[in-house]
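In this text the structure is predicted, and so the values were computed from the model without any measurement.
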Amino acid sequence: MIKGGYWVAASSLIKAATQVLAFILYARVCDRSEFSAISIASAFYSVIIIFSDAGIGNYIIRTETSHDERKMQAAFIGAISIGLAITIAALALREHISVFYRRDDIGNIIALMATNFLIIPLWQVPRAFLERSLDFGAIAKVEIIAAITGLAATSIALWQNFGAYSITFFGTSSNIVLWLLLRHVKPSIFKFPKGLRHYEWAEPISHSAHTMGFNACNALGTHADILIAGRFLSGGDLAPYAAAKELCLKGALLINPVIARICTPLIARLGGDRDSLRSLYKKISSSATVINCPIYLTILLFPNEVNSILFGNKWHSEEVIFRVMAVWGFLRAFGSPSGSLWFGLGKQRLAMVFSFFTLLFFVPAFYLGAQFGSTGLMLAALTAMFIQQAYPIWRFAVNECTGMGYFEYFSTLATPVLTGVAAYLLSSIISHLISIHATVNGVNTTQVLFFLLVYALISFYFNKSARLILGIK
């Protein structure tokens with residue numbers, strides 16, 4: 001299990017790195033109008049992609065015996081059918097999307113990206129079987145190859161001046177590689193069964209409906225701000241907000257996918273043992289916060305330095321947006337592991353209902369905020385996220401599934417945040433005492449380096465969760 005965890009961590013880190021590098025390339029190479037188009041198209045893709053496997057991945061992971069293979073085949077056929085329907089719908093609605101956003105390129109980009117939904121179910125099925133058997137190493141190796149291929153493809157496209165259309169090369173190339181390398185893992189699942197009876201469809205469809213309902217509402221809640229603001233804000237106004245938000249979303253990719261991939265099967269095995277679940281989730285939350293905290297504190301405290309390193313001074317005038325979105329990203333990352341509880345314990349219905357009511361709250365907030373430009377949008381996003389994380393996530397996910405108390409849950413924030421404050425103060429003193437200038441694009445980044453180093457040292461010596469991540473007692 002530990003070895004599998006390291007493989008998942010390696011795969012997730014490399015995938016996150018390739019996505020971050022692709023994002024940095026888009027922000028550096030494309031102008032603000034093209035970057036806005038990429039952000040809107042990416043938001044559409046992120047919402048639609050959750051329908052691609054019809055929830056079959058989680059269904060396979062939770063099915064412990066092989067005699068339900070026909071039900072899995074039924075769900076697989078449904079996933080392919082949904083992928084075909086999504087592709088046809090995207091092609092049919094291409095012109096309407098372009099008219100809505102008053103840009104011809106957005107509809108075309110979304111239509112090109114939609115063709116991926118014919119490929120995604122083909123590799124998600126064998127990957128789910130490997131996850132069920134906890135064979136994370138085999139999955140990780142394939143995903144690493146696919147991620148690197150995607151980055152190479154989109155880099156070549158940018159080099160050839162494809163502009164906003166470059167984003168289509170990343171997903172298409174990586175999905176094709178995943179399919180080609182994983183298709184032989186479980187050949188029997190790709191046989192179309194004959195004479196399926198209604199009860200063989202019922203369970204996968206019920207599971208898929210709740211899973212897709214949650215994923216759809218969750219994805220819409222995450223990307224509704226971009227989808228709504230794209231209608232009201234110009235490309236120049238939307239671009240800095242989109243850049244700050246995407247940076248904070250990419251930051252969470254460093255740890256949250258690792259948690260979901262490893263902890264969901266573990267939570268499923270613990271079942272109704274609330275004491276064990278509470279202990280496990282506290283370790284999960286503490287470990288995630290230890291890694292996420294320095295990422296978002298760096299963006300919050302050193303926005304100009306981060307911009308210089310990543311974007312080459314392109315967004316220096318937008319440091320307030322980056323600071324606000326850093327707080328937003330940290331709040332979101334802190335509550336993110338709760339999804340593993342719902343799906344690990346089979347509470348898809350509760351997850352779907354929660355995400356639906358969250359969406360009903362988020363959409364009006366984003367619409368109202370967008371009327372006041374990028375400033376109004378960022379304040380609306382921060383307020384909505386704070387309200388969601390302050391009570392609902394704890395009550396309906398953490399407390400409902402583990403029985404963990406309110407202050408016990410939020411106590412996991414104390415050590416990483418205090419460590420960050422101490423690291424910032426010490427790094428300020430050190431950078432003034434030591435005359436070292438690590439300059440990037442005319443901006444001194446010395447304190448950033450000292451901050452990260454001091455945070456790592458303090459965490460290693462005083463935080464058990466940090467040592468646990470490194471496998472040190």
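Considering all non-hydrogen atoms of both residues, Phe162 and Ser166 come closest at CB-OG, 3.5 Å. The minimum heavy-atom distance between Ser355 and Asn218, with the atom names listed, is CB-N, 4.0 Å. The two residues Ser11 and Ile144 make their nearest non-hydrogen contact at CA-CG1, 3.9 Å. Between Thr154 and Phe170, the shortest heavy-atom distance links the atoms CG2-CD1, 3.9 Å. Summarising the geometry of Asn116 relative to Tyr45, their closest heavy-atom pair is CB-OH, 3.7 Å, with the distance given to 0.1 Å. Nearest approach of Ile24 to Leu310, heavy atoms of both residues: CG2-O, 3.1 Å.
The structure places CG of Asn399 at 12.5 Å from CD1 of Ile393, a figure rounded to the nearest 0.5 Å. Rounded to the nearest 0.5 angstrom, Met385 CE and Phe362 CZ are separated by 4.5 Å. The line from CG of Leu452 to CG of Leu297 is 10.0 Å long, rounded to the nearest 0.5 Å. Between the CD1 atom of Ile109 and the CD1 atom of Ile97 there is a distance of 11.0 Å, given to the nearest 0.5 Å. Distance CZ/Phe330 to CD1/Ile295: 10.5 Å, rounded to 0.5 Å. Summarising the geometry, atom CZ belonging to Arg332 is positioned 14.0 Å from atom CG belonging to Leu382; distances are rounded to the nearest 0.5 Å.
Pairs passing the side chain to side chain donor-acceptor pair (under 3.5 Å) check and including a residue from residues 370-393, sequence neighbours excluded, do not occur.
Between Phe396 and Phe354, the angle of the ring planes lies from 30° to 60°, which puts this pair in the tilted group. Note: Phe23 and Phe35 have tilted aromatic rings, judged against thresholds of 30 and 60 degrees for the angle between ring planes. The aromatic rings of Tyr101 and Phe44 lie perpendicular to each other, with more than 60° between the two planes, well past the 30° mark.
Heavy-atom neighbours of Asp31 CG from other residues, nucleotides or ligands within 6.0 Å: above the threshold of 12. A 6.0 Å sphere centred on CZ of Phe100 holds more than 12 heavy atoms belonging to other residues, nucleotides or ligands. Within 6.0 Å of the CZ atom in Phe232, the count of heavy atoms belonging to other residues, nucleotides or ligands exceeds 12.
Judged as a ring pair (Phe, Tyr, Trp, His ring centres under 6.0 Å), and not counting sequence neighbours, the contacts of Phe410 are Phe334, Tyr406.
Proximity of Leu158 to Arg28: side-chain heavy atoms (C-beta onward) are nowhere separated by under 4.5 Å. In this structure, the side chains of Val290 and Pro416 come closer than 4.5 Å at one or more pairs of heavy atoms.
Looking at Tyr455 and Ser427, their side chains never bring a donor and an acceptor atom within 3.5 Å of each other. A side-chain donor-acceptor contact under 3.5 Å links Thr412 and Ser285.
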All N/O donor-acceptor pairs, side-chain side in residues 319-329, below 3.5 Å, sequence neighbours left out:
| residue | atom | partner | partner atom | Å |
| --- | --- | --- | --- | --- |
| Glu319 | OE1 | Arg323 | NH2 | 3.3 |
| Arg323 | NH1 | Leu300 | O | 2.6 |

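Counting only distance, with no hydrogens or angles, the side chain of Ser459 and the backbone of Ala456 share no donor-acceptor pair below 3.5 Å. Side-chain N or O atoms of Thr18 include none that pairs as donor or acceptor with a backbone N or O of Leu151 at under 3.5 Å.
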Could you walk me through whether Arg278 and Glu408 satisfy the side chain to side chain contact (heavy atoms under 4.5 Å, CB included) test, starting with their C-alpha distance in whole Å, then the side-chain angles of each, then the deciding distance to 0.1 Å, before giving a yes or no? CA-CA 10 Å; Arg278 183 165 58 251; Glu408 183 182 8; 3.9 Å; yes
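Of the listed residues (Leu280, Thr402, Ile284, Leu350), just one forms a side-chain contact (heavy atoms from CB on, under 4.5 Å) with Leu341, and that residue is Thr402.
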